[in-house]
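Source: prediction; values computed, not measured. In what follows, every chain begins at residue 1, and chains take the letters A, B, ... in the order their sequences are listed.
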Number of protein chains: 2
Amino acid sequence: MNTTAPRGNADELLDLTGLNGKVGYLLRRAQIAVHGEFTDLLRELKLRPGQFAVLRLIGNNPKLTQSKVCVALGIQRANLVGVIDELERRGLLGRTTSDADRRSNCLQLTSDGHRVLARSTELQERHEAAIGRSLGAGGYAELLRLLGKLVD
Amino acid sequence: MNTTAPRGNADELLDLTGLNGKVGYLLRRAQIAVHGEFTDLLRELKLRPGQFAVLRLIGNNPKLTQSKVCVALGIQRANLVGVIDELERRGLLGRTTSDADRRSNCLQLTSDGHRVLARSTELQERHEAAIGRSLGAGGYAELLRLLGKLVD
DNA sequence: TATTGTTATACTCTATAACTATA
DNA sequence: TATAGTTATAGAGTATAACAATA
């Protein structure tokens, strides 16, 4: 994450009406902060949060096709291609043409992919634990509940 | 649905462990959903959420300089230039060289800028009200509180 | 020397259309 | 006809470096 960018939480003399008290704006600022922290944590693996989500999903669901990954993660088919290309180039997963439907690629993690997924999952759990400490256990659970409603 | 499909994973049957139960992931999905809804609402004004934030901040704080906008909103000076260029080209605000410090531009909304800000603020209120209905009044307030902690 | 606004540049993420090979 | 993967491309958003004018 960028460390020299202004964070914008210092100037208390400005009138932030219409921004600070709105879910739309605070959700964006919070997401940027949390995403940036996770990006920093994953740097040791040269993995970005979006790549982690793909590894996690395929690790959970071997032989998943690219289309199904896209539906599950809410991304475009065309944009997944490059992500899979890079993870495959790095030897973290493999494409195999499906026997049942030769249009589809079955995706599977390699042993290196499983190792990277295990390490990144540790980092994610550390990250979530830090969030939990700043929100309190009740706040963490309540935030999950409320965010879940927004995603629907 | 083909009943002979062997290990095809239906979308509802996917294992989303490590994604759905994590604040990092749900925060991202929720932010994308909410940001997209606000983007749709603002379309009638040909205004994007980031431009709205700039108009809102300058409307609240006349004569603000570009650097101060950047600190308040957490964006880069270099990236604000184009945003201000476009809003100025559309006649929504004006730059004036500061008397006190001739390096700085004082930013001020035009009457058109105030009109667009007023209308977009109405749209934002409608958007936030819809969020409030889906979360409940208590949930909405609690979400604001929790997101505020994450932004710190 | 430091800061403000600016230009240039690059990289990521996202969105759409069109192609191919399969179904 | 429809779908899976792919290519190409364009638009946002964001990051860094460097420069001129000014402090």
Under 4.0 angstrom between A/R28 side-chain N/O and D/dT14 OP1 or OP2: yes

Rounded distance (Å) that lies between atom P of D/dT14 and atom CZ of A/R29: 10 Å

Atom-pair distance (CZ on A/R43; C1' on C/dC11), nearest Å: 13 Å

Protein-nucleotide distance (B/F38, atom CZ; D/dA12, atom P), rounded to Å: 17 Å

Reading 5' to 3' through nucleotides 18-23 of chain C, protein heavy-atom contacts under 4.0 Å coded B for base, S for sugar-phosphate only, - for none: ---BBS

Under 4.0 angstrom between A/Q76 side-chain N/O and C/dT14 OP1 or OP2: no

Whole angstrom value for the distance that separates P of C/dA15 from CZ of B/R48: 14 Å

Euclidean distance, atom CZ of residue B/F52 to atom P of D/dG13 [Å, nearest integer]: 15 Å

Nucleotide D/dA12, atom P - distance to CG of B/L42 in whole Å: 14 Å

Donor-acceptor contacts under 3.5 Å from residues 25-33 of chain B side chains, at least two apart:
from: B/Y25; atom 1: OH; to: B/R29; atom 2: NH1; distance (Å): 2.7
from: B/R29; atom 1: NH1; to: A/A72; atom 2: O; distance (Å): 3.2
from: B/R29; atom 1: NH1; to: A/L73; atom 2: O; distance (Å): 3.2

Pairs flagged by ring-ring contact (aromatic ring centres under 6.0 Å, His included) wherever residues 84-125 of chain A is involved - sequence neighbours left out: none

A/N79 side chain near C/dT12 phosphate (N/O to OP1/OP2, under 4.0 Å): no

First of B/V81 and A/P49 reached from the 5' end of DNA chain C, by closest nucleotide: B/V81

Side-chain donor or acceptor of B/E128 paired with backbone N/O of A/G24 under 3.5 Å: yes

Any residue of residues 54-66 of chain B with a heavy atom less than 4.0 Å from an atom of DNA chain C: B/T65, B/Q66

Listed once per pair and sorted, the ring-ring contact (aromatic ring centres under 6.0 Å, His included) pairs that draw on residues 46-101 of chain B, sequence neighbours left out: B/F38-B/F52

Side chain B/T110, main chain B/G91, donor-acceptor under 3.5 Å: yes

side-chain hydrogen bond (donor to acceptor under 3.5 Å, both in side chains) against A/S67, all qualifying residues, sequence neighbours excluded: none

D/dG5 OP1/OP2 closer than 4.0 Å to side-chain N/O of A/S67: yes

Whole-Å distance separating the NE2 atom of A/H35 from the C1' atom of D/dT14: 12 Å

Spacing of B/L80 atom CG relative to D/dT14 atom C1', expressed in whole Å: 13 Å

Min side-chain heavy-atom separation B/Q51-B/L87 under 4.5 Å: yes

More than 12 heavy atoms from other groups under 6.0 Å of CZ on B/R102: no

Contact check, side chains of B/K22 and A/R56, non-hydrogen atoms, under 4.5 Å: no

